[in-house]
Structures are given as C-alpha cells and as structure tokens.
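Lettering of chains follows the sequences in order, A, B, ..., and the numbering in each one begins at 1.
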Amino acid sequence: MTPFKPVLLEAVGVPEGYTLASYRSRGGYAPLEKILREKQPLDVVEMVKSSGLRGRGGAGFSTGLKWTFLPKDHPGPIYLCVNADESEPGTFNNRLLMEDDPHQVIEGIILSSFATRATTAYIYVRYEYPESWKRLQAAIDECYAAGLLGKNILGSGFSLDIYLHRGAAAYICGEETGLIESLEGKRAWPRIKPPFPAIEGVFRKPTVVNNIETMACVAQIARRGVEWFKSIGVPANPNNPRDPGSYGPKLYCLSGHVEKPGCYEAPLGITLRELVDHYGGGVWKGRKAKAAIPGGISMGLFTEAEFDTPLDFAGPGRVGCLGLGTAAVVVLDETVRMVDFLYNSCRFFAHESCGQCTPCREGTSWSLRMLERIRAGKGRLKDLDLLLELGNTMGMMPGSTICGLADGAAWPIKNAINKFRDEFEDTIKRTNPEGWMVTDPVPALAIVGAH
Amino acid sequence: MPVVIVDGQEIEIGADERLNCIEAARRAGKEIPHYCWHPGLSVVASCRMCLIETGQRDAATGKVSMVPKLVPGCQTPVKDGTVIVTESETVKESRARVEEALLIDHPIDCPICDKAGECLLQDYHFEHGQPERRADLHPFTSRKRDVGPTISLFVDRCIMCTRCVRFTREVSGTGELMVTNRGAKEEIDVFPGFPLDNKLAGNVVDLCPVGALGDKDFLYSQRVWFMKREANVCGGCAAGCSIWTEQNQDTVYRLKPRENPHVNTWWMCDDGRYGWHHLHDESRILDAQHRAAGGGEGNGHAETAFQPVEWADVVTRLRADLEKAGRLAVAVSPMLTVEEAWLLCGVARSIDSSAFLALGYVPVEGNDESFPGGFTIRGEKCPNRKGVEEVLAAFGASGKTWCDLVAHIAAGHADAAWITAGYPKAWIDEPAAAAFAGLCCLVVQDLFDSPLMAHATWRLPAAGFAERAGTWVNIAHRAQSFRQAIRPPAGVWPEGRLFWNMLGRRGLYNPTAVRNEVAESSAAFAAIGGEMPATGVDLRVRQLA
C-alpha cells in the first residue's frame with residue numbers, strides 16, 4: 001500500500017500551523033484571490049460539481065448539486081451554514097480541522113459562499129469544542145484584519161460575514177434542519193421536508209448546510225484542481241448509473257481497540273482492514289477483531305469477515321450497513337459482548353432522540369429498556385424479534401419519522417442482531433435459563449397510580 | 001376540477017382548494033386518525049398516526065406510481081391525480097405500532113381520567129391498536145401538576161402532540177407552554193413563574209387529544225358520556241362564539257367551542273367558557289312577583305312586600321297594570337333574542353301604541369382584546385345589540401338607547417316602564433336606579449336582584465343564555481339561531497314565552513315561527529328566514545328576489 005501524503009491534514013504537526021501566516025506559506029488564500037479576481041460564482045459551482053465532491057457530513061450528497069438547488073435570482077439573503085456539531089460517536093475529524101487548520105476551513109467557506117452568493121455564513125460549533133471555537137474565532141479575526149472577510153473582500157465586490165454559533169450539546173443539532181432550528185434559537189426539532197433548506201432554511205431564507213470537512217475539500221479543490229481531486233478515490237461504477245463515485249481524500253477517525261487510534265487521511269476506498277492494520281497498527285494487545293463500526297455508530301456494524309469492504313460511499317451499503325457516514329471507525333475486539341455494544345448504542349439514541357416523532361421517541365427508549373433487561377439476565381428470545389421489528393420500522397426510510405436519527409438508531413440494532421444472532425441467543429439462554437423461551441404477553445397493568 | 005382518489009373512490013375537490021390528505025380523505029368519508037394535526041395550528045407531522053400510502057395517477061396514461069414509503073397525511077397536499085390509500089396492511093400495521101408506542105409510557109388510568117369517553121388515544125386504540133401489550137414495561141403513574149390557575153397537567157398521560165404548545169405560540173401568542181427534556185423523558189411544562197394564564201388558556205384542554213390537560217373547572221365533575229350537547233351561542237360578549245353547551249339533566253357542566261369559520265373558528269375565550277356558573281346561582285330570581293303600588297313619592301315601594309303571582313295571572317294582570325298606567329317606556333335588553341325583542345316590541349305597542357322603545361343597557365368592559373391568531377374578545381358584553389337595534393328600527397325606534405330611555409323617564413314622559421335585563425353581572429347602581437322611582441308601574445325582568453328592583457312593582461325572572469331559544473346577531477352582523485340547551489329553573493318562564501302569551505298567541509312559544517315572521521316583515525332580517533345553517537348567516541347578505 002502506497003503511503004498517502006496528507007493534504008487536508010497538512011497543517012497537523014506544523015508549529016502554529018493554525019495562523020494566517022502559516023496557512024499562506026502553504027499556498028493558502030492564493031486560489032481564493034485568483035478566483036475572486038477572475039471567476040464567476042457559477043464557475044466555482046461548476047468546479048465543485050465536476051470534482052465529484054460528496055458531502056463529508058454523513059449522507060454523501062453531491063455538494064455542487066446541492067448548491068444548484070438554491071432558487072435562481074433570489075433577492076437574498078442566502079445563508080451558508082457550516083455544520084461543526086460533530087456529535088456522531090467516534091467522530092473527531094472536524095475538530096482536527098478546526099483546531100489545526102482553521103484557515104483552510106474558512107477559505108472553503110469563503111469560496112462556497114461566493115459560489116452560492118451567500119453573504120452570511122454561520123459555523124455551528126458543538127458545545128464540547130471550546131478549543132475549536134477559540135481557534136476559529138482567532139482565525140476569523142485575522143481574516144477580517146487582512147480583508148479576507150467583511151465588506152468588499154479583496155476589492156472583488158463580494159462581501160461575507162462569518163459568525164460562530166455555539167451549540168448546547170445535543171446530537172440532533174447535527175441534523176441539518178435541527179441545526180437550523182437551533183441556530184434560530186429554538187428547540188432543535190428537525191423540520192418537516194419539503195421545503196428543503198435550499199428553498200427555506202435559516203430564517204426562512206435559502207440556505208446551504210455543509211460539513212466542515214466539505215469546506216476544507218472545497219479549499220483544496222480550488223488550490224489543487226479538479227483533476228487532482230478526481231485522481232484520488234473510487235471512480236463511479238459504470239454499471240450503476242446512480243453511483244456518482246467516491247472521489248478525494250477522506251479523514252478517517254480510527255478509535256476503539258486499536259494500537260494507534262487517531263484521525264488519518266486516506267483516499268476514499270481504503271478498506272477497513274487496511275485502515276486498521278496500516279494506520280492503526282492492528283488490533284490492540286495482540287487480540288483479534290470481532291467487529292467494527294464503519295462510520296459512526298448509526299451506520300451499523302462490520303463483522304471481522306467484512307473488514308475487506310472498501311470504505312467509500314458505496315462500500316458499507318454492500319454489507320448491510322447504512323453507509324459511510326462520518327467514516328469514524330470504532331474497532332471492537334474479541335472480548336466485547338455484542339449485548340453490551342447494542343446496549344450502549346441504544347442508550348445513546350434513547351438519550352439523544354429529540355422526542356418529536358412517536359416511533360423514534362418511544363422506540364429508542366423501549367429498545368434500551370429491553371437491552372437493559374437482557375443484560376440483567378431476564379431476556380427472552382422473543383425480545384430479539386421485537387428489537388428487529390423496531391429496527392425495521394422506525395426511521396425516515398420506512399417513512400415513520402421526520403429525520404434520520406431513528407434510522408441511525410435502527411441500523412446498529414438490525415446489524416448487531418442479524419450478524420450476531422447466535423451470540424445474542426446464547427447470552428439470553430445462558431443468563432435466563434428459566435424464562436428465555438417465554439412468549440406470553442407481559443401483563444399490562446401491574447400498578448395504576450392514583451393522584 | 002382536480003380529482004383525488006381515496007381508496008379507489010374518486011372525489012372532486014375545488015380547483016383552488018389547498019387540502020391535505022386528511023381533509024381530502026374526510027370528503028370521501030374516510031377518517032385518517034391523527035393526533036398532532038389540527039386545522040387551526042401549524043403542521044408538525046410528529047405523531048405519525050396519520051401515515052398513509054400515497055401515489056400519483058398519470059393524467060395521460062392513467063398509471064399509478066406509488067411513493068415507496070409511508071407519508072404523513074397531514075403534511076402531504078393533494079393535487080389532481082393524487083392517490084391516497086388509507087386501509088392497506090402497511091398502513092394498518094404502522095398505526096398499530098404508533099398506538100403501541102404511545103401506550104408504552106401512558107399510565108392507562110382511564111377509570112380516573114376525565115377524558116375517558118372522548119379520548120382519541122382510547123378511540124384509536126380500539127380501532128387501530130394491537131390486542132396485546134408487547135412492551136414489558138410498567139407504565140408511569142400519572143403525575144399531576146398545575147400549569148395555570150385553570151389548567152392541570154397530568155404529565156404522563158401526554159402523548160407529545162404539542163398542540164397546546166403550538167396554540168399558545170400561534171393563536172394566543174402568549175407562549176407559556178413548552179417542551180422540556182428530550183426523548184421519552186419529554187414533558188410539557190411552563191417556565192417557573194410564568195403560568196399558563198391567558199384568556200384563551202381553556203382551549204388547550206379542548207385541543208388535548210388525551211387526558212393530559214385538565215380543566216379544573218370541569219375536573220371530576222361529570223363523566224362525559226352522561227352529558228348531552230346542544231349547539232348554542234355564547235352570550236358573554238358581542239363576538240357570539242358558536243359553542244356546545246354540555247349538560248346533564250338541565251345542569252350545565254361545561255361549554256366548548258363549536259367550529260364556525262365565520263365567527264370563532266375553533267376557539268372560545270375563558271370568560272365565555274366559564275361564564276355559565278350564574279345559570280345555577282342560588283340567588284337567581286325564580287318566580288314572578290308583584291307588589292301593590294304605594295308608599296311615598298320618590299321612595300319606591302320598599303315597604304310593600306312582593307307577592308308571588310301565577311304565570312297565567314301575570315299574563316293578564318301585567319297587561320292590565322300597564323294599560324292602566326298610561327304612557328309606556330320599554331328597554332329591550334341586548335340579552336334578548338331577536339324573536340323575543342320582536343315580540344316584546346309587539347306587546348308594548350299593543351298596550352300603548354305610542355310606547356317609547358329603546359335598546360336596553362349595553363354592558364361594556366374595557367376594549368376589544370385581539371390575539372395574534374385572529375381571535376377577538378369584544379368589550380361589549382352582550383350578544384345581541386345589533387339584532388335588537390334592527391328590531392327597534394323595524395318598530396320605528398331606530399337609534400334609541402338606554403340613555404334616551406333614562407332621559408325620557410326623567411323628563412316625565414312615561415308613567416310606566418318595562419325594563420328587560422337578564423345580565424349575568426351587576427349592571428345598575430342606586431343613583432342610576434333612582435331615575436325610575438316615580439313611575440306608577442315598573443316591570444323589571446332580570447336574573448338577579450339589583451338596586452332597580454327597589455322601585456319595581458313587577459319582579460319577573462329572566463332566562464339565562466342556555467335557557468333561551470332564538471337568534472342572536474353578533475357585532476359582525478352574523479345571525480345565529482340556536483335551541484334551548486337546558487330548561488330554565490322551575491318557575492322561570494323565558495321572556496319569549498311570556499311575550500308570546502301576552503300577545504294572546506296560541507300554543508307553545510315557537511321561536512322558529514317568530515323568526516320566519518321577522519324575516520318576512522323586516523327587510524333587514526330577510527336573510528334569517530327558513531332553514532338556518534349551523535354557522536349562521538350574515539344579515540347583510542340579502543336573499544335574491
């Protein structure tokens with residue numbers, strides 16, 4: 001395997017790499033100056049579109065295409081929201097970008113705002129990232145001082161203000177319309193779509209929501225060109241007209257039971273095994289891997305046998321996972337009990353479900369309580385079927401919820417039980433020898449409280 | 001006309017109607033169950049009970065392509081060719097699962113819940129739910145806390161439809177209610193120190209599809225299945241909100257708004273909602289009484305005691321008294337219906353053909369109060385000023401007011417006065433009442449005693465708003481007819497019955513007959529003749545010749 005020279009993570013390890021001077025010394029802001037001088041917004045949209053850049057936030061939607069959904073000739077204002085509410089368990093690539101190379105992100109934001117004709121950009125930073133906040137704010141201040149932000153940037157006639165907005169620590173704020181509601185000062189309940197944010201977003205104006213890493217990619221595409229970007233990654237599958245390909249470098253967050261956890265930059269399409277072995281130094285303590293989360297907990301599970309699946313936008317789907325997600329890989333070694341894994345996953349989603357849609361609000365909490373009971377040695381085989389039914393019926397895909405949080409809660413349930421059913425059954429039978437086979441309905445009313 | 005296909009049945013909708021699937025299906029007689037959607041509130045599509053299958057029929061080929069997943073009926077607009085499937089297995093399973101999910105944490109304390117019998121959760125469970133409980137969880141017990149002076153919240157009964165929250169934000173504009181916490185631990189609550197205390201607060205109880213919000217005024221007072229409801233009109237102010245009067249054996253237990261797009265849409269104010277207690281007040285005047293004229297000039301008849309009079313005798317003796325007295329002045333109360341006012345004017349003119357007719361006292365409290373959702377509480381606290389004014393105009397007494405009447409009497413132009421009142425609150429003070437002291441005959445017809453009664457020779461009871469039948473015309477010229485919701489207390493004749501009998505008309509008092517007579521006799525009332533829609537008619541809309 002040929003080593004990949006980091007591009008997005010260029011500044012990592014560079015002393016004071018987060019300053020404007022350091023960023024300029026690496027060639028930063030030169031492409032921006034050139035584009036503002038010579039190009040039109042549509043040229044930038046075309047550039048990003050032709051690069052095949054797909055959103056890095058999780059859904060993998062084509063960034064350039066998203067920009068074209070904005071209404072034509074809108075009187076404005078148009079907003080750009082940058083999603084830095086990085087709360088998918090296992091994910092920390094945005095933090096690295098914001099802390100070590102904030103100017104790269106800001107250059108991407110300026111370029112994207114120029115392309116979408118946005119004059120105001122918001123960066124929604126999650127509450128738990130105080131350092132990112134400080135670095136970003138310092139970088140924004142530097143940019144204002146250098147004339148890279150504010151009115152009439154570099155004499156181009158284009159103006160842009162960037163505001164940082166600090167979240168209050170909720171997973172749902174990472175959902176784009178939840179983020180918009182939160183940004184507007186409301187409870188982060190995802191909005192019903194349509195209208196999509198491109199038509200009615202922040203303050204009911206057209207809005208583009210992009211991820212921090214996507215912004216960094218835009219900056220790199222502007223600096224290194226579309227050809228460079230397309231030379232990395234996995235080309236589109238010619239047999240599948242709906243596959244736009246997975247181009248460019250990607251930041252993989254590797255954690256869990258590996259020797260060297262960390263954020264590694266690699267071309268899209270690297271397999272999970274390569275990532276673990278080459279970058280992560282293998283599974284820790286000489287143990288064997290049992291499973292891995294391919295892209296944040298909501299994407300599901302790889303079994304050890306599936307580790308050779310490429311981590312591109314199409315790969316995880318081929319082994320029954322939801323998708324690439326945030327490319328946050330968490331490795332579970334052979335000592336992990338899958339009941340415990342699923343319990344943790346359910347606990348997370350029951351805690352983070354915003355509570356708006358009934359199937360998600362009640363389903364996540366019910367699945368958690370079933371897992372609690374199974375862990376307490378009172379599981380029944382019937383519970384596995386119930387869990388699977390919950391997993392199959394809650395979410396945006398079956399249509400039973402507004403946003404994708406429930407899909408994210410459902411996938412680990414479905415994957416864990418389908419792929420490790422034997423282990424679940426063994427656990428239940430072993431821990432509940434008396435009652436594992438019971439299928440009777442549970443008596444409904446034990447207590448009725450009076451007032 | 002656009003055509004929508006509901007379960008295979010084609011229905012036409014208006015070309016510029018904007019309907020969602022729930023409304024379109026309702027036109028086809030199909031009820032799509034729903035909790036969070038309410039026509040008067042914004043769409044949140046969060047309860048997921050109204051999930052259905054939809055598709056689109058191609059106009060050219062007639063082929064139907066279905067959406068591959070369930071969609072919320074409330075959020076999905078219909079257009080020409082929209083296909084709605086409300087009865088498929090997928091839809092039924094989805095409804096059963098939502099019902100199951102809602103019941104996981106619900107206390108299921110129906111036996112002690114006020115909502116039982118009119119609870120959507122109950123109804124939908126029987127219709128769409130699963131026969132057995134698969135969740136092995138003990139439901140919460142039902143915690144109760146006050147969220148305002150009139151409203152209690154039974155926290156765990158709540159299904160988080162957020163109708164109440166949206167109501168306080170969008171209609172009352174007060175925003176007291178909010179959602180706290182997250183996920184299954186979510187609760188409706190108020191911010192400490194800011195209770196749910198606005199004049200529209202009671203509506204949240206009607207909006208609540210389950211028993212989570214309880215009206216303290218009604219709480220535990222009556223099982224809903226014992227009550228009968230009658231379409232009625234609120235007499236609390238000049239807005240004339242359409243209401244349901246819910247009663248059991250002539251006792252009112254609560255009032256609820258009745259949907260009327262021309263008047264109150266779906267709401268009513270708390271003044272009106274709780275404004276029925278005077279009907280059952282102990283101090284009401286409950287029989288007709290008379291006392292002989294006597295006593296000193298200007299000092300009324302205080303020393304002579306009232307004697308009860310049989311109603312049959314009232315009819316004859318009252319007429320004789322008034323005829324004997326001479327010049328008559330009549331105050332036609334704006335609490336009377338159009339029919340009653342019409343009959344009263346007729347009676348007055350039959351006694352004294354030049355009787356002075358004027359509008360009765362019009363109680364006013366402050367100014368009109370408007371809310372962001374478009375609802376307005378009127379400062380004029382009587383339901384039928386417009387109607388009485390039109391009746392007076394028909395009798396040639398156009399524009400005569402209470403002040404004119406007082407001046408008329410003060411100037412000594414009248415020997416007898418007949419004051420109809422029927423106000424639920426105190427309305428006249430002693431100095432004002434003194435103007436009526438010197439009359440030979442003073443008839444006062446009221447709900448309660450007032451300083452005016454000190455000078456009365458006839459003390460007659462009045463009927464309360466739910467005890468009347470007839471037509472009221474609200475401040476926006478909308479005439480609404482209603483029937484009697486409860487019988488008045490024993491011994492009380494509604495005004496209309498007395499007037500009917502004093503005119504010597506046969507049979508029982510028939511407000512419908514009088515209404516048709518009014519419509520035929522007066523051009524201003526032409527619109528109220530014949531069948532009246534439940535939502536009333538606009539008096540200004542003249543029927544075509």
Side-chain angles (χ1 to χ4, degrees), chain A residues 170-172 186-194 349-366 368-370 372-373 378 380 382-383 385-386 389-390 393-402 405-406 409 438-451, chain B residues 35-36 43-49 51-53 67-72 74-75 90 93-94 97-105 107-112 131-144 152 154 156 159-162 165 178-187:
Chain A
Y171 179 65
I172 196 63
K186 303 175 189 153
R187 189 181 167 86
W189 272 4
R191 290 181 182 170
I192 48 178
K193 289 144 252 179
F349 287 106
H351 181 64
E352 293 294 351
S353 168
C354 80
Q356 188 173 204
C357 309
T358 309
C360 172
R361 177 181 69 234
E362 305 297 343
T364 52
S365 119
W366 185 9
L368 169 66
R369 290 192 263 180
M370 270 195 272
E372 276 171 353
R373 189 162 43 75
K378 295 205 174 125
R380 304 168 305 169
K382 195 186 162 200
D383 295 334
D385 296 329
L386 273 176
E389 186 187 323
L390 282 177
T393 54
M394 74 183 175
M396 202 161 65
M397 289 173 162
S400 67
T401 60
I402 291 171
L405 188 142
V438 172
T439 58
D440 295 341
V442 179
L445 284 176
I447 314 159
V448 171
H451 312 297
Chain B
Y35 292 109
C36 67
V43 176
V44 290
S46 66
C47 74
R48 313 311 274 189
M49 192 63 191
L51 292 181
I52 45 161
E53 292 188 89
V67 178
K69 62 177 187 178
L70 296 168
V71 298
C74 62
Q75 186 201 335
T90 326
E93 282 169 18
S94 151
R97 267 195 297 272
V98 172
E99 271 301 303
E100 179 180 40
L102 289 174
L103 285 174
I104 285 180
D105 285 336
I108 323 185
D109 55 350
C110 309
I112 53 166
E132 71 179 40
R133 182 184 176 88
R134 300 187 297 173
D136 54 323
L137 303 161
H138 290 316
F140 294 135
T141 54
S142 194
R143 293 168 291 153
K144 173 187 169 187
S152 281
F154 296 83
D156 301 311
I159 58 163
M160 298 309 301
C161 71
T162 68
V165 177
M178 60 171 179
V179 178
T180 62
N181 300 341
R182 228 168 30 202
K185 295 192 174 67
E186 255 176 359
E187 288 172 11

Chain A heavy atoms under 4.5 Å from [X]: which part of the residue, side chain, backbone, both or neither?
X	value
B/Val43	both
B/Thr180	backbone
B/Thr162	side chain

Would you name the heavy atoms of [X] and [Y] that are closest together and state the gap between them?
X	Y	answer
A/Arg187	B/Glu186	NH2-OE2, 2.9 Å
B/Ser94	B/Leu51	OG-CD1, 3.5 Å
B/Cys161	B/Ser46	O-OG, 4.4 Å

In terms of heavy-atom proximity below 4.5 Å to chain B, should [X] be classed as side chain, backbone, both, or neither?
X	value
A/Glu352	both
A/Thr364	neither
A/Arg373	side chain
A/Lys193	backbone
A/Ile402	both

Give the member of A/Met370, A/Met397, A/Glu389, A/Met394 that has the highest number of heavy-atom pairs under 4.5 Å with chain B.
->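 Heavy-atom pair counts peak at A/Glu389.
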If we only count heavy atoms from C-beta on, is the B/Arg133 to B/Ile108 side-chain gap below 4.5 Å?
->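 Yes, their side chains come closer than 4.5 Å.
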Max heavy-atom pair count under 4.5 Å with chain A, selected residue of [options]:
options	result
B/Arg97, B/Glu100, B/Met160	B/Arg97
B/Cys36, B/Cys47, B/Pro72	B/Cys47
B/Val179, B/Val71, B/Val98	B/Val179

Tell me, with the steps shown, if A/Asp385 and A/Lys382 meet salt bridge (charged side-chain N to carboxylate O under 4.0 Å, His left out).
-> CA-CA 5 Å; A/Asp385 296 329; A/Lys382 195 186 162 200; over 6 Å; no
Would you confirm whether B/Glu187, through its side chain, and B/Asp156, through its main-chain N or O, come within 3.5 Å as a donor-acceptor pair?
->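 The answer is no, because no donor-acceptor pair under 3.5 Å joins these two groups.
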For A/Cys357, does its backbone N or O pair with a side-chain atom of A/Thr401 as donor and acceptor, under 3.5 Å?
->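 Between the backbone of A/Cys357 and the side chain of A/Thr401 there is no qualifying donor-acceptor contact (under 3.5 Å).
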A/Ser365 and A/Arg369: side chain donor to acceptor below 3.5 Å =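 Side-chain D/A pair, A/Ser365 to A/Arg369: present.
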